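Keep in mind that this is a model prediction, so the values were computed, not measured.
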Amino acid sequence: SPSIFRPWGVWQVCLKALSCLVIRWRRRKMEGEEGIWKGKHGMGGKVRFVVNADDLGYSRERDDGIFEAVSKGIVTSMSLLVNGPSAKSAIAKYMKIKMKLDEIGEEVPSLGLHINLTEGRPIASRHIVPSLLRENKNMASMFRGKFGFEQAVYGKKINLEHVRIEALAQIRWFYQNAGFYPSHVDGHNHVHVLPGVAPVVAALVAHFKIGWIRLPLEKTLGPTVDEKRVFFLRRIIANAKKAQVVFEQFDLKFPNAFYGMWLCGKELTVDRIVEIVDRHCKHRGSSERKEKSELVVEIMTHPGYPSTKGDAFSKSGDRVHELEVLISTSLAEKLAEIPRLHLGPFPKLAPEKPHRKMRSSKRGMADVRCNWQTLACTIC
């Protein structure tokens, strides 16, 4: 660009490059000398596995299965679809569980936000986020769908300001109904790592000081015969690699490893979960350099009972299969024999309320808009 040859343009490029180097240096220093996040997790030397159930609030049937996986199984975290039909009743059930566990001093499952820009209706008024909605007049108040939204992003049909408005509306809805901010953020259909969308979401997560964000950077894709699914998952991984740079620039925290994209439905088994957990814990035991830190690994799951409404994924019997695996006694017995394992929620690394200076809506959100727009332009 011609502006690069101007003095201020050169300084901007240099400052951006320097900020990236500083962030990477800080992260490597923390991992090498003091452990991930400077050992703030308080579980030195262990591997914390966060087993997260997505799509809470999608339907009462799905919710019943998720809460069963929490009470009887190994699920330690949930992500809420705030525009789901059963979102409010799901929050009410979660608050009852939270109250009981707080009374006896046990760890409370995480409750995060599953940002949704693909399915159902927006939380914000449809008149102010028109680019997110279907072009069909009969369905003009509905999102574009998983592939429809992705195609619209690549086709430059999505106004990123509309993404910011809707994501902000979902965060505010969460706070107004739950009374606290989400422990973590991830995306329905992984929309939060799409090009252009990632800087918008990252700026909001940083603004509200939300503890964690998902990075679906799964290193290995297991055997599957569905070529369309493999192609979709590879696109997600490619987008996640680019989104990692964005998340690091905003100094966001994400787990050290992620699983769940190919461990889905019938491919989620007791043996595969045990193999992943055992591998990480054994590697942890043989690593002296990171002995004082706690590794955080996320496993994404979709348990539940088939819903009567919704898409084929939610109506599938695979939801029950995942539930049965997660609550199986054989899984619990095998995991109990693995040393250094800690099944738990996302560690609390930040206050649940944003800093006071960040809460002035007009000026604060103007800063957020400036941040993501600047970063998006830099990356492009």
Side-chain angles (χ1 to χ4, degrees), residues 23-24 27-28 30-32 34-54 74-79 110 112 183-187 190 192-193 198 205 211-222 233-234 236-248 251-264 267-302 322 325-326 331 334-335 338-347 349:
I23 289 170
R24 289 180 181 273
R27 189 177 294 279
R28 286 177 182 175
M30 286 190 289
E31 290 179 354
E34 297 174 296
I36 308 301
W37 318 129
K38 298 185 179 179
K40 290 182 181 178
H41 300 172
M43 296 290 294
K46 292 197 174 185
V47 182
R48 178 187 290 255
F49 271 84
V50 180
V51 183
N52 191 81
D54 286 9
I74 66 167
V75 169
T76 61
S77 179
M78 297 166 277
S79 296
S110 307
S183 61
H184 61 280
V185 162
D186 44 50
H190 305 285
H192 68 299
V193 297
V205 171
W212 297 83
I213 190 167
R214 174 179 290 169
L215 184 67
L217 195 57
E218 196 160 358
K219 293 183 178 180
T220 306
L221 291 179
L233 297 182
R234 284 177 177 168
I236 293 172
I237 292 171
N239 289 331
K241 290 179 180 178
K242 297 176 182 177
Q244 181 175 358
V245 178
V246 177
F247 296 165
E248 287 177 347
D251 206 17
L252 303 183
K253 299 173 179 63
F254 43 84
N256 304 89
F258 170 85
Y259 298 92
M261 289 196 295
W262 74 271
L263 283 177
C264 186
E267 290 169 347
L268 181 73
T269 65
V270 169
D271 290 340
R272 283 174 176 167
I273 293 175
V274 171
E275 190 273 330
I276 288 170
V277 173
D278 189 54
R279 184 172 72 248
H280 278 280
C281 290
K282 281 183 177 178
H283 177 73
R284 195 61 166 172
S286 63
S287 174
E288 297 180 0
R289 188 169 63 91
K290 298 183 180 180
E291 191 68 26
K292 296 180 180 179
S293 67
E294 183 190 29
L295 201 71
V296 179
V297 181
E298 180 186 7
I299 298 180
M300 175 185 70
T301 65
H302 298 86
E322 289 197 26
V325 169
L326 294 169
L331 176 60
K334 290 179 179 179
L335 292 180
I338 299 177
R340 298 180 178 274
L341 169 64
H342 174 65
L343 285 171
F346 281 100
L349 304 179

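Each of Phe254, Trp212, Phe49 was scored for a ring-ring contact (aromatic ring centres under 6.0 Å, His included) with Phe346, with one residue passing: Trp212.
Taking the side chain as every heavy atom from C-beta outward, Leu233 and Ile236 approach each other to under 4.5 Å.
Expressed to the nearest 0.5 Å, how far CG of Leu263 lies from CD1 of Ile276 amounts to 4.5 Å. Considering CG of Asp278 and NZ of Lys334, their distance stands at 11.0 Å, rounded to 0.5 Å. The CG atom of Leu215 lies 10.5 Å from the CG atom of Leu252; values are rounded to the nearest 0.5 Å. Atom CZ of Arg234 and atom CD of Glu218 lie 12.5 Å apart (nearest 0.5 Å). Atoms CD1 and CG, from Ile299 and Leu326 in turn, are 9.0 Å apart once rounded to the nearest 0.5 Å. Remark: Glu294 CD to Arg48 CZ distance equals 4.5 Å, nearest 0.5 Å.
Between the Thr76 side chain and the Val51 main chain, a donor and an acceptor come within less than 3.5 Å of each other.
The shortest non-hydrogen separation linking Pro216 to Val193 is CD-CG1, 3.7 Å. Nearest heavy-atom pair across Val325 and Leu331 is O-CD2, 3.3 Å. The two residues His192 and Asp186 come nearest to each other via the heavy atoms ND1-C, 4.0 Å. Taking both residues in full, the closest heavy atoms of His184 and Ser79 are given as NE2-OG, 3.0 Å, listed atom of the first, atom of the second, then distance.
Evaluation of the salt bridge (charged side-chain N to carboxylate O under 4.0 Å, His left out) rule for Lys241 yields no partner, not counting sequence neighbours. Every residue meeting the ring-ring contact (aromatic ring centres under 6.0 Å, His included) condition with Tyr259, not counting sequence neighbours, appears here in chain and number order: His280. Taking the side-chain hydrogen bond (donor to acceptor under 3.5 Å, both in side chains) definition, one finds that His190 meets it with nothing, sequence neighbours left out.
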* To do: Evaluate side chain to side chain contact (heavy atoms under 4.5 Å, CB included) for Ile237 paired with Leu217, printing each intermediate quantity in order.
  => CA-CA 5 Å; Ile237 292 171; Leu217 195 57; 3.9 Å; yes
* To do: For side-chain hydrogen bond (donor to acceptor under 3.5 Å, both in side chains), just list the numbers for Ser110 and Asn52, CA-CA rounded to whole Å, side-chain angles, deciding distance to a tenth of an Å, and then say yes or no.
  => CA-CA 8 Å; Ser110 307; Asn52 191 81; over 6 Å; no
* **Verdict with supporting geometry, Glu322 and Cys264, side chain to side chain contact (heavy atoms under 4.5 Å, CB included)** => CA-CA 8 Å; Glu322 289 197 26; Cys264 186; 3.7 Å; yes
